Structure formats: structure tokens, C-alpha cells
Participant: 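Dumping the structure here so I can ask a few things about it.
Because the structure is a prediction, the values reported are computed rather than measured.
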Amino acid sequence: MYRLLSPSLGRGLLRAAGRRCRDCSARLLLGPAGGRASEVGVPVSRVAPRGRGPGLLPLLAALAWFSRPAAAEEEEERQGAGGAAAEGAVDETEAEIIQLLKRAKMANLAFIRGQLENAEKLFKATMSYLLGGGMQQEDNAIIEISLKLASIYAAQNRQEFALAGYEFCISTLEEKIEREKELAEDILSVEEKANTHLLLGMCLDTYARYLLFSKQPAQAQRMYEKALQISEEILGERHPQTIVLMSDLATTLDAQGRFDEACVYVQKASDLARQIEHPELHMLLSNLAAILMHRERYAQAKEIYQEALKQAELKRDEVSIQHIREELAELSRKSRPFT
């Protein structure tokens, strides 16, 4: 969830580097016509299969616009040896940040490829750098890395560490939000407050998926309800991620046998997904069909599955195509009259 938060980690790296080298003149350059530099886009999450959440790749946007100050040559001429020393300090800091950014990218790639031990070491090294630079544990950049580490522990079945990681992320952000909610905008901007709320939503979303996988649907439901509330308030009801969360919440209700309640959420999610041409419409429709099948509304479930199959074929999503075909076969067996 909330996939555009990761650039905050890039900014965190720059802040940490600034504390390590206070005399260095490092800054983020503006993009064309003075606007903000474009960020690396991250696709909206899939409903299922899960597990590739928000990565650290967007922090490379920071690297793309990190450079020596403008008119550096003029500064060197004016300051002589002092300017050369400053340039050397900047170059050294740039090299340090470039190395760290490469390590962070390697960590994310290792995570995606399932090289969990290597990813863990690299994420820890990145966090160590940030903390060593004076960054606080409650900083959003630290929370993002902590969330990724918790997901690694969950994948490794290191349940105690995973739970501690998820709970640290959520409790730290909740306390931070409560402490900062009365701060004036000139101290903490509305955008910064919103980003912290969205990061909390992402943590709740990730923890809920872990709980659902661990056969704890009631606990997952509570996490999804909180995440959905945040998404609706900040991103809006029609945002693609809000729609995904509606469907995920329906899944937790369905797992508890609360089929009627589940159907309300998943039907609404599917309707909104059609309206906005959601990129994962076929996944949302598949969830709707599954819940309808559990309610023994077989004819309607078949119709929705067939619609989902057409959408999956248009997307050329082979994994979903295979899954939907298997579900249709199961549906055919369930709806076949006894002889």
C-alpha cells in the first residue's frame, strides 16, 4: 500500500549525509523549469499474489538529482584552496551516498528474488548508516526499512522477529502521529503529516496480510479496517489502493464465514474498479466471484469469473488466468446437480 512513500528514504539518506559532513554543500536539484524532479514510479499493489510490497528503488530518484552546487567552478576560483577542499568533501560525500544507494537497490532486488539473507544484511547496513548519521528510530525512512525487515522475518518463519517488527512500526507511528497532530503547518507541513499517516496505513496493510496468512483473520480484519480508513481519508474512496483494501477486508470477513458482510465490501470494490478501469480489475473480480461462490450463488459467480478471465487474458496475466480457470472448474463441480 501507499507505494509512493519510498522517496522519503532517499531524502533521509541526504539528511544523514549532511550530518556526517556539515560543511558539504549537498542538495537536491530541481527538475526542468524549476519543478520537482520526476520520481521513479511504483505500480499499485496486486490483490494476490502478494509479497512484493513497496520497494526501495524509488530512492534512486534522489541519486539522479544529487550533484555539486551550481556554479561550482566560480566558487573554486573565488575561494581557491578552500573551494577545492569543499569540492573534495562533496565528492567524498557523493561517493558515500552513491555506495549506500547501490546497496539499498541491491537489498531490494535480493528481496524480490527471494535472496532473503542477503537482503536482510543489506537492509541492516542501510539502517545502520542512517542511525549512525543521527537519524531517529521514529523517522519514516527507518520505519520503511524496519517494515521490509519484518517481512523478511515473516518469509523466513522467524515469527517472533516478524511480530516485533510489525508492532514496532505500527506503535512507533501511532505515537508519532499523536505527538505531531497539533503541530502548526510552519513546523510540520500537511504533506509530511499525510505521508506519516500513509506509512502507518502501509504498515497496517502489510501486517494484516501476515495475520491473514497466519490464519488470524479476525486480527487481520482490524488492521485492514484501520488501513482502509486512512486510505479513504487521505487518498479518497476511488483511489486504486483504497479499492484494493476494500477487497482485502472482504477477504478477511469471508475467511470468518461472514459472507454477507464480505459481499458488501467486495461488490463495492468491484463496482468502483470498473468505474476507474482499475489496473487489477481481474483480481478484484476474481475475489468477488470467490465470495459469491461461498454464498452458493453459483450462476452469478460463474458470470463474474468469466468476466475476470477475459480481463486477465487482456492483461496477459498467466498466473491469474490459470487460477481463474481452476476456480471455474471447482465451481462447475460444486454446482453440478447430484444424480
Participant: If I compare all heavy atoms of Ala255 with all of Pro217, which pair ends up nearest, and what's the gap?
Facilitator: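 For Ala255 and Pro217, the tightest heavy-atom pair comes out as CB-CB, 3.9 Å.
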Participant: Check whether the side chains of Gln156 and Arg158 place a donor and an acceptor atom closer than 3.5 Å, and report yes or no.
Facilitator: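 Yes, because at least one side-chain N or O of Gln156 sits under 3.5 Å from a partner of the opposite role on Arg158.
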Participant: Could you tell me which non-hydrogen atom of Cys203 sits nearest to which non-hydrogen atom of Ile170, and how far apart they are?
Facilitator: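 What the structure gives for the nearest pair is CB-CG1, 4.0 Å.
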Participant: With no hydrogens and no angle check, is any side-chain donor or acceptor of Thr242 less than 3.5 Å from a backbone partner on Gly236?
Facilitator: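 Yes: the side chain of Thr242 pairs with the backbone of Gly236.
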Participant: May I ask you to decide whether Lys268 forms a salt bridge with Glu237, counting only side-chain N to carboxylate O separations under 4.0 Å?
Facilitator: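 Between Glu237 and Lys268 there is a salt bridge, with a charged N closer than 4.0 Å to a carboxylate O.
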Participant: Taking atom CD of Gln275 as the centre, report whether more than 12 heavy atoms of other residues, nucleotides or ligands fall under 6.0 Å from it.
Facilitator: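 Atom CD in Gln275 is packed in, count exceeds 12.
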Participant: If you look at every heavy atom in Val244 and Leu284, which pair is closest and at what distance?
Facilitator: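 Distance-wise, the nearest heavy atoms are CA-CD2, 4.3 Å.
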Participant: Checking side chain to side chain contact (heavy atoms under 4.5 Å, CB included) for the pair Leu228/Tyr265: CA distance, chi angles, key distance, verdict?
Facilitator: CA-CA 11 Å; Leu228 177 59; Tyr265 280 105; 4.3 Å; yes
Participant: Near Glu326 CD, under 6.0 Å, is it more than 12 heavy atoms from other residues, nucleotides or ligands?
Facilitator: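 Above 12, so yes.
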Participant: For Tyr305 and Leu328, work out which heavy atoms get closest and say how close.
Facilitator: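 Smallest heavy-atom distance, with atoms named: CB-CD2, 3.4 Å.
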Participant: Assess the residue pair Glu313 and Lys310 against the criterion (salt bridge (charged side-chain N to carboxylate O under 4.0 Å, His left out)); give the C-alpha distance rounded to whole Å, side-chain angles, the decisive distance to 0.1 Å, and a yes or no.
Facilitator: CA-CA 5 Å; Glu313 289 172 342; Lys310 290 180 181 178; over 6 Å; no
Participant: With heavy-atom distances below 4.5 Å as the criterion, would you say the side chains of Thr206 and Arg209 are in contact?
Facilitator: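 A side-chain contact under 4.5 Å exists here.
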Participant: Gln267 vs Ser270, test: side chain to side chain donor-acceptor pair (under 3.5 Å). Steps then yes/no.
Facilitator: CA-CA 5 Å; Gln267 184 69 66; Ser270 300; 5.5 Å; no
Participant: Just by distance, with hydrogens left out, do Gln221 and Arg258 show a side-chain donor and acceptor under 3.5 Å apart?
Facilitator: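 The answer is yes; a qualifying pair exists.
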Participant: Do Arg179 and Glu174 sit within salt-bridge range, that is, some charged N less than 4.0 Å from a carboxylate O?
Facilitator: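 Salt bridge between Arg179 and Glu174, a charged N being under 4.0 Å from a carboxylate O: no.
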Participant: Report yes if the side chains of Leu249 and Leu245 come closer than 4.5 Å at any heavy-atom pair, otherwise no.
Facilitator: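 Leu249 does not reach Leu245 side chain to side chain.
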Participant: Between the main-chain N or O of Ala227 and the side-chain N or O of Ser231, is there a donor-acceptor pair closer than 3.5 Å?
Facilitator: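 Absent.
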Participant: Between Ile234 and His239, is any pair of side-chain heavy atoms under 4.5 Å apart?
Facilitator: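 Result no, sub-4.5 Å side-chain heavy-atom pair not found.
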Participant: Which heavy atom in Thr252 sits nearest to a heavy atom in Tyr224, and how many Å separate them?
Facilitator: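 The pair with the smallest heavy-atom distance is CG2-CD1, 3.3 Å.
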Participant: I need the Cys263 SG to Leu288 CG distance, nearest 0.5 Å.
Facilitator: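 The SG atom of Cys263 sits 6.0 Å away from the CG atom of Leu288.
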Participant: Applying side chain to side chain contact (heavy atoms under 4.5 Å, CB included) to Ser247 and Met283, what does each step give before you reach the verdict?
Facilitator: CA-CA 9 Å; Ser247 182; Met283 303 295 296; over 6 Å; no
Participant: Checking side chain to side chain contact (heavy atoms under 4.5 Å, CB included) for the pair Asp248/Asp205: CA distance, chi angles, key distance, verdict?
Facilitator: CA-CA 9 Å; Asp248 288 343; Asp205 175 24; 4.3 Å; yes
Participant: Under 4.5 Å between side-chain heavy atoms, hopping through other hydrophobics if needed: is there a path connecting Val264 to Met246?
Facilitator: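 No, separate clusters.
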Participant: Whether Glu327 and Lys334 form a salt bridge (side-chain N of Lys/Arg under 4.0 Å from carboxylate O of Asp/Glu) is what I want to check.
Facilitator: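 No, no charged N to carboxylate O under 4.0 Å.
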Participant: Applying the side-chain contact (heavy atoms from CB on, under 4.5 Å) test to Cys169, which of Ile145, Leu199, Leu147 qualifies?
Facilitator: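 Only match with Cys169 under side-chain contact (heavy atoms from CB on, under 4.5 Å): Leu147.
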Participant: Linking I/L/V/M/F/W/Y whenever their side-chain heavy atoms sit closer than 4.5 Å, directly or via other members, would Leu235 and Leu204 fall into one cluster?
Facilitator: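 Yes; tracing contacts between hydrophobic side chains, which count when under 4.5 Å, links both residues.
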Participant: Taking the side chain from Glu175 and the backbone from Thr172, do they hold a donor-acceptor pair closer than 3.5 Å?
Facilitator: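 Side chain of Glu175 to backbone of Thr172: no pair is present.
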Participant: Let me check something: do Leu163 and Leu200 share a hydrophobic cluster, defined by ILVMFWY side-chain heavy atoms less than 4.5 Å apart, either directly or through other members?
Facilitator: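 Looking at the clustering, Leu200 is in the same group as Leu163.
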Participant: Run the salt-bridge test on Glu178 and Lys181 with the 4.0 Å N-O cut-off and return the result as yes or no.
Facilitator: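 Looking at Lys181 together with Glu178, the answer is yes, because their closest N to O distance falls below 4.0 Å.
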Participant: Is there a chain of hydrophobic side chains (I, L, V, M, F, W, Y, each step under 4.5 Å between heavy atoms) that links Leu149 to Ile142?
Facilitator: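 Yes, Leu149 connects to Ile142 through the hydrophobic network.
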Participant: Nearest 0.5 Å please: distance from the NZ atom of Lys193 over to the CG atom of Asn195.
Facilitator: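 Result: 13.0 Å between the selected atoms.
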Participant: Measuring from Gln322:CD to Leu309:CG, what's the distance to the nearest 0.5 Å?
Facilitator: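 The distance works out to 10.5 Å.
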Participant: From Gln306 CD over to Gln311 CD, what is the distance, rounded to the nearest 0.5 angstrom?
Facilitator: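 Separation between the atoms: 13.5 Å.
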Participant: Ile143 versus Phe168: any side-chain heavy-atom pair under 4.5 Å?
Facilitator: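 Yes, side chains in contact.
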Participant: Determine whether Leu131 and Tyr129 fall in the same hydrophobic cluster, where Ile, Leu, Val, Met, Phe, Trp and Tyr are linked whenever their side-chain heavy atoms lie under 4.5 Å apart.
Facilitator: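 Shared cluster, yes.
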Participant: Is any side-chain N of the basic residue among Glu307 and Arg274 closer than 4.0 Å to the acidic one's carboxylate O?
Facilitator: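 Looking at Arg274 together with Glu307, the answer is yes, because their closest N to O distance falls below 4.0 Å.
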Participant: To the closest 0.5 Å, what do you measure between CE (Met293) and CG (Asp254)?
Facilitator: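 Interatomic distance, Met293 CE to Asp254 CG, rounded to 0.5 Å: 9.5 Å.
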Participant: Could you tell me whether Arg222 and Glu225 make a salt bridge, using a distance below 4.0 angstrom between a side-chain N and a carboxylate O?
Facilitator: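 Salt bridge flag = no for Glu225 with Arg222.
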Participant: Can you tell me if Phe259 has over 12 outside heavy atoms packed within less than 6.0 Å of its CZ?
Facilitator: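 Check passes, neighbour count above 12.
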Participant: What's the shortest heavy-atom distance between Arg238 and Ile243, and which atoms?
Facilitator: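 Here Arg238 and Ile243 meet closest at O-CD1, 3.8 Å.
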Participant: Would you indicate whether the side-chain heavy atoms of Tyr210 and Gln159 approach each other to under 4.5 Å?
Facilitator: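 The answer is yes, as the side chains (C-beta and beyond) meet within the 4.5 Å cut-off.
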Participant: How long is the span from the CD atom in Gln136 to the NZ atom in Lys176, to the nearest 0.5 Å?
Facilitator: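 Reported to 0.5 Å precision, the distance equals 10.0 Å.
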